[in-house]
**Student:** 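For reference, the structure I am asking about is given below.
First listed ligand is number 1; within each ligand, the first listed atom is number 1.
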Amino acid sequence: MVTGILALQGDFALHQQRLHELGAKSVLVRKAQMLHAVDALIMPGGESTTLLRLLDDNFRKSLQEAIQGGIPVLATCAGLILLSRGVTNPGQDSLALLDIDVERNSYGRQIDSFVDLNLNWTSAGRSELELVSQNGLANAASRTMEGVFIRAPRITRTGDGVTVLVERGLEPVLVKQGKILGATFHPELSENAKAVHQLLLEQI
Ligand code: GLN
């Protein structure tokens with residue numbers, strides 16, 4: 001089993017490190033044809049407008065086909081923006097494969113980035129996350145996880161097929177639709193959010 005990490009731009013290296021820690025094989029995906037050789041995909045954070053520009057028509061079509069074909073995906077921050085149905089602030093085109101709307105840079109600029117130590121698992125999140133957190137992960141007891149938010153988007157709408165797994169107050173920050181996981185924060189930056197990558201691996 002190999003997890004591909006989209007490596008056109010952004011913080012792909014830390015995702016690779018996290019997968020390595022979890023004993024999972026990974027490969028950096030820089031060409032469309034590599035999508036045929038992976039069993040799961042991570043779409044990392046970065047800058048979504050830049051990412052969109054770097055995706056040529058062929059790459060975009062291959063991504064769409066792979067995700068519609070049911071490959072498990074973890075999309076974070078800019079990666080999440082790429083997958084969302086509706087994007088505002090400013091608006092831009094997207095792959096529209098995840099039935100949520102997002103507002104970009106919703107918490108302000110780079111200097112307004114923050115860490116929240118206590119994101120709460122919802123009851124739906126609990127049943128998914130407890131399964132993968134059994135092996136001694138600290139957050140299984142508190143049912144919280146840490147979230148690093150960097151010029152993060154805010155999810156402003158979730159469609160009927162979307163389940164919220166983790167919340168910040170009343171706002172969804174980790175959602176799931178079929179085999180697509182979407183996080184507005186950066187789980188690769190928190191030891192305490194390892195369960196997110198584990199959940200991805202579990203979908204394979
Ligand atoms: N603000 C970025 C965007 O709109 C996303 C930031 C991130 O991925 N950390 O694309």
**Student:** How does Leu51 reach ligand 1, by side chain, by backbone, by both or by neither, if only non-hydrogen atoms under 4.0 Å count?
**Tutor:** neither
**Student:** Under 4.0 Å from a heavy atom of Gly45: which atoms of ligand 1 are those, numbered in the order shown and with their elements?
**Tutor:** 8 (O)
**Student:** May I ask you to identify, for Glu47, whether its side chain, its backbone, both or neither come under 4.0 Å of ligand 1 on a heavy-atom basis?
**Tutor:** both
**Student:** Please report which non-hydrogen protein atom sits nearest to atom 1 (N) of ligand 1, along with the residue it belongs to and the distance in Å to one decimal place.
**Tutor:** Asn105 OD1, 2.7 Å
**Student:** Mark up the atoms of ligand 1 that fall under 4.0 Å of a heavy atom belonging to Ile81, in ascending order.
**Tutor:** 3 (C), 4 (O), 10 (O)
**Student:** Only heavy atoms of Ser48, strictly under 4.0 Å: list the atoms of ligand 1 that pass.
**Tutor:** 3 (C), 4 (O), 10 (O)
**Student:** With Asp93, which of Arg53, Arg85, Arg60 fulfils salt bridge (charged side-chain N to carboxylate O under 4.0 Å, His left out)?
**Tutor:** Arg60
**Student:** Is there side-chain contact between Phe59 and Leu35, with heavy atoms separated by less than 4.5 Å?
**Tutor:** yes
**Student:** Could you check whether Arg151 and Ser106, counting side-chain N and O atoms only, form a donor-acceptor pair closer than 3.5 Å?
**Tutor:** no
**Student:** Give me the nearest non-hydrogen protein atom to atom 7 (C) of ligand 1 as residue plus atom name, then the distance to 0.1 Å.
**Tutor:** Cys77 SG, 2.8 Å
**Student:** Nearest heavy atom to atom 2 (C) of ligand 1 wins, so pick from Gly46, Gly10, Ser113.
**Tutor:** Gly46
**Student:** Have Thr163 and Gln177 got a donor and an acceptor in their side chains that come within less than 3.5 Å?
**Tutor:** no
**Student:** For His186, take its heavy atoms, then give the atoms of ligand 1 lying under 4.0 Å from any of them.
**Tutor:** 7 (C), 9 (N)
**Student:** What I want to check is whether the side chains of Glu21 and Gln17 have a donor and an acceptor closer together than 3.5 Å.
**Tutor:** yes
**Student:** Quick one: look up the protein heavy atom nearest atom 4 (O) of ligand 1 and list residue, atom name and how far away it is.
**Tutor:** Arg104 NE, 2.8 Å
**Student:** Ignoring hydrogens and geometry beyond distance, is a side-chain donor-acceptor pair present between Gln92 and Thr49 at under 3.5 Å?
**Tutor:** yes
**Student:** Does Phe149 have Arg154 sitting over its ring (NZ/CZ under 6.0 Å from centre, angle to axis within 45°)?
**Tutor:** no
**Student:** Strictly distance-based, threshold 3.5 Å: is any side-chain N or O of Thr144 a donor or acceptor partner for the main-chain N or O of Asn120?
**Tutor:** no
**Student:** What I want to know is whether Arg151 and ligand 1 share at least one N or O pair that is separated by under 3.5 angstrom.
**Tutor:** yes
